[in-house]
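Written out below as structure tokens is the structure these notes cover.
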Amino acid sequence: MRSRLLVLHVLIVSLSLILLIRLWDVQVRHGDDYARAAAEDHVRQVVVPQVRGEILDDRGRPLVRNRTVLAVTVDHVALTRRHDGGRAVLKRLAAVLDVPAARLTELVRLCTAGVGRPCWPGSPYQPIPVATDVSTRAALQIAERPELFPGVSAEPVPVREHPNGELAAHALGYVAPSGEGDPASGIGLAGREGLEAWYDADLRGRPGRREVVVDTTGQVVRTVSETAPGAGHDLVTSIDAKVQGVAEQALRRAIEGAREQRLPADSGAAVVMDVRDGRVVALASYPGYDPNVWSEGISSREYRELRGRLQPKAIQGQWAPGSTWKVTSAAAAVRAGYGLNRIYGCPGSFQVGARAFRNFRGIGLGSMPLSRALTASCDTIFYRFAYEMWLKDGGTKPVRRPKDPMQKMAAAFGFGKRTGIDLPGEAAGRLPSRSWKRAFWKETKGQACRTAKLAKSAYVRAIARETCRDGYTWWAGDAANFSIGQGDVLVTPLQLARAYAALANGGRLYTPRVGKAVVRADGSVVRRIKPKLTGRLPVPDRVLAYIRAALAEVPKSGTAAGAFAGFPLDRLPVAGKTGTAEAYGKKDTSWFASFAPAGRPRYAVVVVVSQGGTGAGAAAPAVREIWSGMYGLEGKKAALGEKSALDGKAARGEKAKLGGRSTEAAP
């Protein structure tokens, strides 16, 4: 018995010592660590959303601003503490807001593994917005009956608003709630497209932070600290809202007019650029949409319906440029030794290898100088240039280092690569060449060879066999098509506008810019945004002047004479070039590229209408309407100012926050 008691005493003493040692270890040795961990378990970080900066036009007029609305939010913790998980509260709230209760249930659940959107990506201790822009009546119903809506509140919040509706929607972009994967912005609004995305870091500001202590049930007990949010900066752009409106209206009318002619015009774009520095004054795309749809959030079905209208055609649309391309081919021909003062024949067709390449409608125009070849848009003269250059490079058996003068000149004009504009998603276009064709052949050879064996049509099999065997060859026909902007050439409206701006300003190629400056709310400048000079055209001044003079005749006696009949060219001399580009399986693409005043260019204007017919039929009238609207001609009020600067007087209008563009035009 004694031995058993001794063992029991030893065991009790040992356990007591172990407990004392463990207690000392916890309270003394690691006491601070455990105290800190306990405190951290009860302290939660809550993001305080910031106010996003505005986007302004060149004269300080708001393109995107913030509007205060009543928003309903739900306290997730208070909701989950209810005996039914808050289902009854959400059901009553759904009745007040006139939305399905299931929708509210989805919005207030937390985003975790296995939970798809919609869900709440933020902290559970932060109020979860479930409805914005609610009526005052609904807000009062919630505020006056807190016993029926525990954890629910209605308070004013800022939301994004586009006061001009569809105006410049594609350039401005839109915002969407940012999630946990975007720690820099917190739970707020983040730019998703357009300027909203490109300048998001400037516009978004700095989110605030609030540290709160919660009890074991998750209820907030007190606030430890709070850092106020910092409002985002404003973005001043080079867009002129009135000119933008003129461009969008002219583009829409051109497409509607083409449809009246039973042409399936389906899309288009217009670009207005300041030729002196590459700043974008207007950037229009059709079809458009009202970006205010994003402020309330849209369903998957609504998004699918909207998706076809979201592409910014001005920077992402790619079409063959047609005869607007001939300015690069003319510059290349002169550089290759074809004289400016020579006379060239313009027959109805020109034999290129085994095929006769026809002029427009097969019409021969006689003999003419190079300037008239541009004004009257003679294809066969350019076919001849291209064919002879192709032969000098070795034809189908090219020399070791072919000169390819037309490809190199087009590349120098900026085609075949992105312009670098400050907008996301820009397309690069396509500049076909020997190397491009070989790479494309390698990608498609397998399919061509299979088609050569399996196709039912003898004609299709013959074409496929040729492609399979030597589809990498740069044929004479490829060179001929390239010279007039057909075949595999693709450009964006912005690329063409920049090229014509360089032609107009003496050869300077700029990186286009829409943003002009980032400013604080008080108007002080954070930083200025300047276009960069990225290169110079390898074309002598006398050749550029020669081409400009030729294009100045296009609206007078050339291919656009009908479209500009009655236009006051004596007051605003416009220089330009029509383009009618064939598209496989579709109607022709209509182009007109221009700059004015012709003697001392200030702006470049380019319009394209997909499946709109000839350049003179759809695009040229739209460009005419834009010039009239900008300068107040043909009975229109000048978008560039209250008075037309063409009266010879300084018509200085209102300027932007920074000191914007004067409305005085060059004589």
Side-chain angles (χ1 to χ4, degrees), residues 165-170 242-272 282-290 308-309 311-314 317-324 360-361 377 492-493 496-497 500 554-556 558-569 572 574 576-583 585-594 596 603-637 639:
E166 294 189 9
L167 190 78
H170 295 93
K242 291 186 177 180
V243 175
Q244 178 74 28
V246 167
E248 291 188 6
Q249 181 183 30
L251 178 61
R252 183 170 56 252
R253 286 162 59 95
I255 290 176
E256 291 172 351
R259 289 173 178 172
E260 290 176 0
Q261 300 299 317
R262 297 186 178 182
L263 288 166
D266 51 9
S267 62
V271 180
V272 180
L283 202 65
S285 297
Y286 184 94
Y289 74 100
D290 187 349
R309 309 173 71 87
Q311 186 189 35
K313 300 292 185 180
Q318 300 177 94
W319 296 273
S323 292
T324 60
F360 183 66
R361 294 177 180 171
S377 201
T492 68
L496 194 64
Y500 271 71
V554 171
K556 297 178 181 177
T559 54
F564 278 82
F567 184 84
L569 291 169
L572 180 66
V574 175
K577 186 75 189 76
T578 55
T580 305
E582 296 178 358
K586 296 183 177 181
K587 297 297 183 180
D588 293 344
T589 303
S590 175
W591 286 94
F592 194 74
S594 66
Y603 300 105
V605 177
V606 169
V607 168
V608 59
V609 177
S610 175
Q611 302 198 82
T614 65
V623 170
R624 171 180 178 161
E625 185 175 341
I626 292 173
W627 285 121
S628 293
M630 288 173 64
Y631 283 91
L633 304 172
E634 301 183 294
K636 294 181 173 62
K637 184 178 180 181

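From a predicted model like this one, the values you see are computed outputs, not experimental measurements.
Here the side chain of Trp591 pairs a donor or acceptor atom with the backbone of Ala320 at under 3.5 angstrom. A donor-acceptor pair under 3.5 Å is absent between the side-chain atoms of Arg309 and the main chain of Tyr289, judged by distance alone. Between the Tyr603 side chain and the Met630 main chain, no donor and acceptor come within less than 3.5 Å of each other. At least one donor-acceptor pair closer than 3.5 Å links the side chain of Ser590 to the backbone N or O of Ala619.
Nearest heavy atom pair, residue Thr492 against residue Ala314, reads CB-O, 4.1 Å. The minimum heavy-atom distance linking Ala560 with Thr578 is given by the pair CB-CG2, 3.9 Å. Across all non-hydrogen atoms, the minimal contact from Pro621 to Gly615 is CD-O, 4.5 Å. Nearest approach of Gly612 to Ala265, heavy atoms of both residues: CA-CB, 4.4 Å. Heavy atoms only, all atoms of each residue included: Ile626 and Ala250 are closest at CG1-CB, 3.6 Å. Minimum interatomic distance between Pro493 and Val608 (heavy atoms only, all atoms of both residues): CG-CG1, 3.6 Å.
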Chi angles and distances behind the side chain to side chain contact (heavy atoms under 4.5 Å, CB included) call for Leu283, His170: CA-CA 8 Å; Leu283 202 65; His170 295 93; over 6 Å; no

Test log, rule side chain to side chain contact (heavy atoms under 4.5 Å, CB included), inputs Thr324 and Tyr500: CA-CA 9 Å; Thr324 60; Tyr500 271 71; 3.8 Å; yes

Criterion side chain to side chain contact (heavy atoms under 4.5 Å, CB included) on Val605 and Val271, from CA distance to verdict: CA-CA 6 Å; Val605 177; Val271 180; over 6 Å; no

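Environment of NZ in Lys587: sparse, with no more than 12 heavy atoms of neighbouring residues, nucleotides or ligands closer than 6.0 Å.
For residues 619-634, the salt bridge (Lys or Arg N to Asp or Glu O under 4.0 Å) pairs, not counting sequence neighbours, are Arg253-Glu625, Arg624-Glu634.
A heavy-atom distance below 4.5 Å is found between the side chains of Leu572 and Leu633. Residues Thr589 and Val609 have side chains not in contact (no heavy-atom distance under 4.5 Å, counting atoms from C-beta outward). Using a 4.5 Å heavy-atom cutoff, the side chains of Leu263 and Gln611 are not in contact.
When the side-chain contact (heavy atoms from CB on, under 4.5 Å) test is applied to Ala284, the partners found at least two apart in sequence or on another chain are Gln244, Ala247, Glu248, Leu251, Ala270. The side-chain contact (heavy atoms from CB on, under 4.5 Å) check on Ser610 picks up Asp266, Ser267, Trp319, with sequence neighbours excluded. Contacts of Gln311 classified as side chain to side chain donor-acceptor pair (under 3.5 Å), with partners at least two apart in sequence or in another chain: Lys313. Among residues two or more places apart in sequence or in another chain, the ring-ring contact (aromatic ring centres under 6.0 Å, His included) test is passed with Phe567 by Phe564. Partners of Ser323 according to the side-chain contact (heavy atoms from CB on, under 4.5 Å) rule, which considers only residues two or more places apart in sequence or in another chain, are Lys326, Ser377, Asp379, Lys577.
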